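Input: a single structure, listed below in structure tokens.
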Amino acid sequence: MSSTRSPSPTSPDRELRREDQSIRQLVGFRLDDADYAIAITKIREIILMKPITRLPQVPASIEGLINLRGTVIPIVNLRKRFGMAHRPFDDETRTVVVTVHDRTIGCIVDEVTQVIRVAADQVQPVPVAMTALAKRYIAGLARLEDRLVIIIDIEKLFGPDEIDLEPAPGPHPIATSSPTSPTESGA
């Protein structure tokens with residue numbers, strides 16, 4: 001009879017695997033003074049700004065289209081999507097290319113900050129006081145040292161119910177800054 005035993009449920013290897021499963025990797029980015037993040041598994045790549053081909057008769061949050069190595073993808077300005085004030089693109093502005101529901105979409109953000117490793121106990125659910133609409137797009141809030149990071153559920157933000165990518169009237173429910181002024185609304 002063999003003396004080989006399978007690892008016990010509390011073996012160090014099993015504990016390490018369980019610990020790894022509770023760590024989530026996110027890509028952090030900023031819009032105004034707020035920190036946001038998207039699950040790294042949803043991100044295809046992060047690119048510098050490219051020339052955007054503008055389209056007529058599209059929602060204000062859609063900047064247009066870009067050619068990404070032979071594939072034409074829509075570009076959504078998350079500032080506009082969340083009803084934030086206009087800010088010109090600069091050297092820190094990036095396009096985060098995500099894949100959701102078999103679609104590739106570019107999301108313009110003010111800057112990409114870092115890859116964040118978050119343990120399950122660092123993520124809090126969305127507070128009850130938030131509107132149902134805001135809760136729909138937020139996967140949770142990560143507590144990192146002295147700041148909170150809003151984790152965006154990109155699948156829901158660009159889900160089938162949001163197929164036209166049109167922003168809600170007024171500021172988006174997860175925007176943390178003031179709404180756009182009337183003079184900027186037609187941009």
Side-chain angles (χ1 to χ4, degrees), residues 19-52 60-64 66 68-69 73-101 103-127 130 133-159 162 165 167-168 171-180 184 187:
E19 199 173 290
D20 286 346
Q21 290 174 354
S22 67
I23 300 289
R24 294 169 53 187
Q25 285 192 326
L26 310 167
V27 172
F29 62 92
R30 293 185 66 75
L31 294 173
D32 274 343
D33 295 326
D35 292 302
Y36 295 85
I38 299 172
I40 202 167
T41 56
K42 298 296 176 191
I43 296 177
R44 184 169 142 188
E45 62 187 295
I46 299 167
I47 60 174
L48 298 171
M49 292 298 295
K50 294 177 154 285
I52 297 172
S61 64
I62 299 177
E63 291 288 331
I66 65 167
L68 183 62
R69 290 183 299 285
I73 64 170
I75 300 298
V76 176
N77 187 325
L78 287 186
R79 291 183 69 84
K80 290 180 181 179
R81 179 84 171 119
F82 296 162
M84 295 178 173
H86 171 75
R87 176 181 166 215
F89 301 150
D90 60 23
D91 291 341
E92 296 297 320
T93 306
R94 296 289 183 268
T95 301
V96 178
V97 181
V98 297
T99 302
V100 289
H101 304 288
R103 295 184 302 171
T104 302
I105 300 167
C107 301
I108 298 173
V109 300
D110 293 352
E111 73 177 293
V112 172
T113 55
Q114 63 188 347
V115 173
I116 305 166
R117 291 175 52 90
V118 178
D121 65 349
Q122 290 176 286
V123 178
Q124 293 183 285
V126 180
M130 300 218 34
L133 191 57
K135 287 180 187 179
R136 192 168 77 198
Y137 301 125
I138 299 175
L141 301 169
R143 294 171 306 187
L144 301 176
E145 297 169 13
D146 62 342
R147 71 186 203 277
L148 283 176
V149 176
I150 301 167
I151 303 170
I152 303 295
D153 187 332
I154 202 78
E155 291 279 334
K156 291 181 181 173
L157 185 65
F158 296 127
E162 306 292 328
L165 306 176
H172 196 277
I174 63 173
T176 59
S177 67
S178 61
T180 57
E184 296 171 336

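What you see is a predicted model; the values in this text were computed from it and never measured.
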Point-to-point distance, once rounded to the nearest 0.5 Å, from [atom1] of [X] to [atom2] of [Y]:
| X | Y | atom1 | atom2 | value |
| --- | --- | --- | --- | --- |
| D33 | R147 | CG | CZ | 13.0 Å |
| D153 | I138 | CG | CD1 | 10.0 Å |
| I151 | Q124 | CD1 | CD | 10.0 Å |
| I52 | I62 | CD1 | CD1 | 11.5 Å |
| Y36 | I154 | OH | CD1 | 12.0 Å |
| T95 | I46 | OG1 | CD1 | 10.0 Å |

ask   = Residues two or more places apart in sequence or in another chain: which of them pass salt bridge (Lys or Arg N to Asp or Glu O under 4.0 Å) with E111?
value = none

ask   = Residues in salt bridge (Lys or Arg N to Asp or Glu O under 4.0 Å) with D110, at least two apart?
value =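 Per chain and number, D110 pairs via salt bridge (Lys or Arg N to Asp or Glu O under 4.0 Å) with R79, R87.
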
Has the side chain of [X] got a donor or acceptor atom that lies under 3.5 Å from a matching backbone atom of [Y]?
| X | Y | answer |
| --- | --- | --- |
| R103 | F158 | yes |
| R94 | D91 | yes |
| R117 | L26 | no |
| T113 | G28 | yes |
| R81 | L157 | yes |

query = Given M84 and L31, is the side chain to side chain contact (heavy atoms under 4.5 Å, CB included) satisfied, shown in steps?
reply = CA-CA 9 Å; M84 295 178 173; L31 294 173; 3.8 Å; yes

message = Could you check whether K80 pairs with E63 (Lys NZ or Arg NE/NH1/NH2 to Asp/Glu carboxylate O, under 4.0 Å)?
response = yes

Report yes if some heavy atom in the side chain of [X] is under 4.5 Å from a heavy atom in the side chain of [Y]; otherwise report no.
| X | Y | result |
| --- | --- | --- |
| V27 | V96 | no |
| I105 | V97 | no |
| S61 | N77 | no |
| D35 | I150 | no |

ask   = How about D90: does its CG atom have over 12 heavy atoms from other parts shown lying under 6.0 Å from it?
value = yes

